[in-house]
Amino acid sequence: MESFDDIYLDLSKQSGKCRLAESGLGWKPSGGNTFTLDKADMISGQWSRAARGYELKVIARNAGVVQLDGFRQDDFDTIQKCFKVWYGVEMAQREHALQGWNWGKSEMGRNEFAFSVRNKPAFEIPYTEISNTNLAGKNEVAVEFSLPADGEETGTNGHLGGARSKGRKMGGAVDQLTEMRFYIPGTETRKSKKKDDAGSGSDADEPAAADQEQNAATVFYETLMDKAEIGEVAGDTFATFLDILHLTPRGRFDCDLYEKSFRLRGKTYDYKVPYDHAKRFFLLPKPDDMHTLLCIGLDPPLRQGQTRYPFIVMQFKREEEVNIELNMTDSDLQEKYNGKLQPRYEAPLFQVIAKIFHGLTGKKIFQPSPLFISHHGQSGVKCSIKANEGHLYCLDRAFLFVPKPATYISFENVAMVVMSRVGGAVSASRTFDIAVSLKSGGGDHNFSNINREEQQPLEDLFKAKNIPFRNEMDLDSGMLAAGMLDNPDLASSDEEIVQNAERGSADEDDESVDEDFQGGDESDVAEEFDSDAGSSGGDSDAEMEDASDGEGKDTAAMVERPKKKAKVSK
């Protein structure tokens with residue numbers, strides 16, 4: 001037996017002791033579980049310079065890629081002899097490309113993807129670390145890496161220092177690479193053999209389809225999808241729904257439901273979402289009486305470049321029905337899902353997909369609270385967050401604004417709700433705003449342009465849920481009324497302004513001037529609309545000057561003079 005100290009397994013944060021025996025390889029950290037690899041599982045070995053010294057990389061049949069880092073240069077001869085004598089595996093010594101070039105050749109092996117520069121590997125990525133890939137452009141492919149569900153989940157039993165499960169190797173570092181993009185120009189000739197094996201419907205009497213010129217980026221993307229087991233190769237689909245409209249992320253996607261995940265397939269982007277990442281499901285009737293929204297809360301969120309989507313928002317027509325049969329056996333329906341799923345569904349589409357999600361995940365589907373009914377008898381209230389229009393729903397324990405930006409606010413985190421009017425003419429305002437302040441300095445969420453008729457239903461909900469709220473609209477109205485009573489001139493002038501704004505030019509002059517205008521054979525109409533308005537209104541101008549001389553000290557008349565000019569210029 002050969003023993004080596006201070007060895008790190010798969011980028012682990014803590015070191016352990018590595019032992020080579022005739023039966024196989026073992027690694028044990030201090031206070032963690034032991035990792036073992038049988039000699040029958042080993043395929044090949046590589047020795048190269050790494051971050052903490054020298055690295056031993058073992059390609060295994062079942063375990064995939066096993067990385068042991070921290071060896072000394074003098075250990076190579078001993079390890080090479082052990083692998084050759086005990087395991088019958090040749091140890092290859094490889095040097096990495098250190099030029100720093102970003103142009104090279106991609107090689108897809110059995111267990112990992114390698115990028116080589118001048119026939120030397122620049123880096124290798126195990127397929128288990130790849131969570132998704134997308135065609136980001138005509139010649140560009142985006143590769144997304146697996147994120148650990150918890151930053152501390154780096155051990156065999158969830159503790160620091162242990163060997164990690166699939167897709168958790170890079171989670172041991174302080175900083176983690178989350179996405180990489182490859183530019184792949186040109187075309188490649190690819191045989192369509194795999195297409196025929198997949199049963200895509202191509203006939204055997206088409207020899208011309210054996211060799212096809214395809215975009216190199218597309219070939220790279222499809223090959224990586226197969227190697228990393230993304231999509232259909234991850235298992236048989238239980239159900240597929242085509243061309244579903246998504247408000248977030250925007251577009252139409254085909255939805256494939258698998259045993260442990262679901263996949264959204266669009267023209268440009270594909271998303272693979274494990275059911276463990278789906279934390280909440282919401283079924284929300286849209287206030288237009290035509291559509292229903294299905295919202296899925298995700299943690300971690302979907303990523304599209306620098307954009308994150310914590311919610312998936314699907315929109316369905318209420319009258320659209322579907323007849324679907326699940327691709328599952330009766331024994332699986334009873335044993336795995338305890339009868340939560342039915343072998344066949346025939347109902348509106350939004351109900352069917354919600355029930356299937358509920359059966360596959362076992363998570364509750366939340367709906368709006370029955371305590372809130374808007375003025376128009378709906379479950380949602382139309383409002384805006386900044387320039388984005390949407391609907392605010394009141395659930396049993398939270399507020400939810402959809403579709404963009406989807407905002408979830410739990411009632412437990414609400415410190416105060418303030419209702420205030422929109423700035424401007426206060427008495428003519430038909431909408432109001434809501435500012436939701438969060439506890440512990442969590443910031444504010446502002447919802448604007450809410451219909452004035454929804455004030456009372458919202459207040460009733462706040463009282464029923466014991467949510468602290470303050471209505472500043474009544475306070476503003478009271479202060480304005482008090483100010484008018486203290487200053488009669490201000491009150492009369494404000495009344496005149498509001499009245500003129502409502503009636504146009506009907507009250508611009510006093511009664512004596514109106515009588516003179518009525519005596520002149522529709523001269524008021526001719527003055528405003530006729531082409532010879534200047535000649536027909538000559539006498540009226542003199543009479544108006546006399547009227548203004550008699551009441552020049554009146555405050556209302558002084559306020560009205562600019563209104564006359566504004567009207568004529570209009």
Side-chain angles (χ1 to χ4, degrees), residues 131-136 142 192 194-203 218 221-222 225-226 229-275 277-278 281-286 288 290-298 302 304 309 311-329 332-333 337 340-361 365 402-404 406:
S131 64
N132 198 15
T133 178
N134 287 302
L135 281 169
S192 58
K194 186 171 286 294
K195 232 179 194 180
D196 297 337
D197 295 342
S200 61
S202 57
D203 298 330
T218 304
Y221 162 75
E222 293 177 352
M225 290 278 289
D226 295 338
E229 297 184 355
I230 301 172
E232 290 86 347
V233 294
D236 296 331
T237 56
F238 292 159
T240 299
F241 300 92
L242 302 178
D243 203 29
I244 296 178
L245 177 62
H246 286 63
L247 304 182
T248 305
R250 188 73 179 178
R252 290 188 176 272
F253 295 86
D254 297 340
C255 183
D256 298 330
L257 303 181
Y258 300 92
E259 181 179 1
K260 296 182 180 180
S261 64
F262 68 96
R263 183 182 175 205
L264 302 178
R265 294 183 288 110
K267 293 182 179 180
T268 305
Y269 289 95
D270 289 2
Y271 301 99
K272 179 185 176 183
V273 184
Y275 292 137
H277 294 180
F281 292 85
F282 306 95
L283 196 61
L284 310 172
K286 210 171 180 180
D288 59 1
M290 295 178 58
H291 300 89
T292 298
L293 304 177
L294 177 63
C295 304
I296 305 175
L298 303 178
L302 286 183
Q304 181 177 314
Y309 295 102
F311 282 86
I312 295 176
V313 182
M314 307 178 184
Q315 179 172 290
F316 304 91
K317 293 182 179 179
R318 297 185 187 180
E319 298 179 355
E320 183 179 0
E321 295 193 357
V322 66
N323 189 347
I324 190 172
E325 185 173 352
L326 296 184
N327 184 23
M328 301 175 68
T329 61
D332 290 341
L333 290 173
Y337 301 102
K340 293 181 180 180
L341 292 174
Q342 301 177 9
R344 188 181 185 87
Y345 290 92
E346 186 174 358
L349 179 58
F350 70 91
Q351 294 182 3
V352 172
I353 194 169
K355 290 180 180 178
I356 296 178
F357 269 123
H358 172 67
L360 292 174
T361 63
I365 306 293
V402 289
K404 181 182 179 181

Would you please test Phe282 and Val402 for side chain to side chain contact (heavy atoms under 4.5 Å, CB included) and show each step?
CA-CA 11 Å; Phe282 306 95; Val402 289; over 6 Å; no
For the student: nearest non-hydrogen atoms of Lys286 and Arg318, plus distance
O-NH2, 2.8 Å
Output the distance between atom CZ (Arg265) and atom NZ (Lys267), rounded to the nearest 0.5 Å.
13.5 Å
Could you report the tightest heavy-atom contact between Pro249 and His246, atom names first, then the distance?
O-CB, 3.2 Å
Rounded to the nearest 0.5 Å, how far does OG1 of Thr248 lie from OH of Tyr309?
7.5 Å
Is there a side chain to side chain contact (heavy atoms under 4.5 Å, CB included) between Ile312 and Tyr271 once you walk through the steps?
CA-CA 11 Å; Ile312 295 176; Tyr271 301 99; over 6 Å; no
Given the rule in the side chain to side chain contact (heavy atoms under 4.5 Å, CB included) test, do Ile296 and Val273 qualify, once you have shown the distances and angles that lead to the verdict?
CA-CA 11 Å; Ile296 305 175; Val273 184; over 6 Å; no
State, to 0.1 Å, how close Ser261 and Pro274 come at their nearest heavy-atom pair, and which atoms those are.
CB-CA, 3.6 Å
Looking at Tyr345 and Leu341, what are the two nearest heavy atoms and their distance?
OH-CA, 3.5 Å
Rounded to the nearest 0.5 Å, how far apart are CG of Leu135 and OG1 of Thr218?
5.0 Å
Just checking, is any N or O donor in the side chain of Lys355 or Gln342 under 3.5 Å from an acceptor N or O on the other one?
no
Could you tell me if the side chain of Ile353 sits less than 4.5 Å from the side chain of Phe316, heavy atoms only?
yes
If every non-hydrogen atom of Ile324 is compared with every non-hydrogen atom of Ala239, which pair is closest and at what distance?
CD1-CB, 3.8 Å
CZ (Arg250) and CG (Leu245) are apart, to the nearest 0.5 Å, by 6.0 Å
Any heavy-atom pair between the side chains of Cys295 and Leu284 that's under 4.5 Å?
yes
Do Asn323 and Arg344 touch side chain to side chain, with heavy atoms closer than 4.5 Å?
yes
If we only count heavy atoms from C-beta on, is the Tyr275 to Thr361 side-chain gap below 4.5 Å?
yes
So, do Ile356 and Leu257 sit near enough that their side-chain heavy atoms are less than 4.5 Å apart?
yes
May I ask you to test the Leu326-Tyr337 pair for a side-chain heavy-atom distance under 4.5 Å?
no
With rounding to the nearest 0.5 angstrom, report the CE to CG distance, Met314 to Leu247.
10.5 Å
Of Thr237, Asp270, Asp256, the residue whose pairing with Arg263 passes side chain to side chain donor-acceptor pair (under 3.5 Å):
Asp270
Which distance, rounded to the nearest 0.5 Å, do you find between the CG of Leu349 and the NZ of Lys317?
11.5 Å
Could you go step by step and tell me if Leu294 and Phe350 meet the side chain to side chain contact (heavy atoms under 4.5 Å, CB included) rule?
CA-CA 7 Å; Leu294 177 63; Phe350 70 91; over 6 Å; no
Near-ring test Phe262/Phe357, centroid separation under 6.0 angstrom
yes
Thr133 to Ala142 - nearest heavy-atom pair and separation:
OG1-O, 3.0 Å
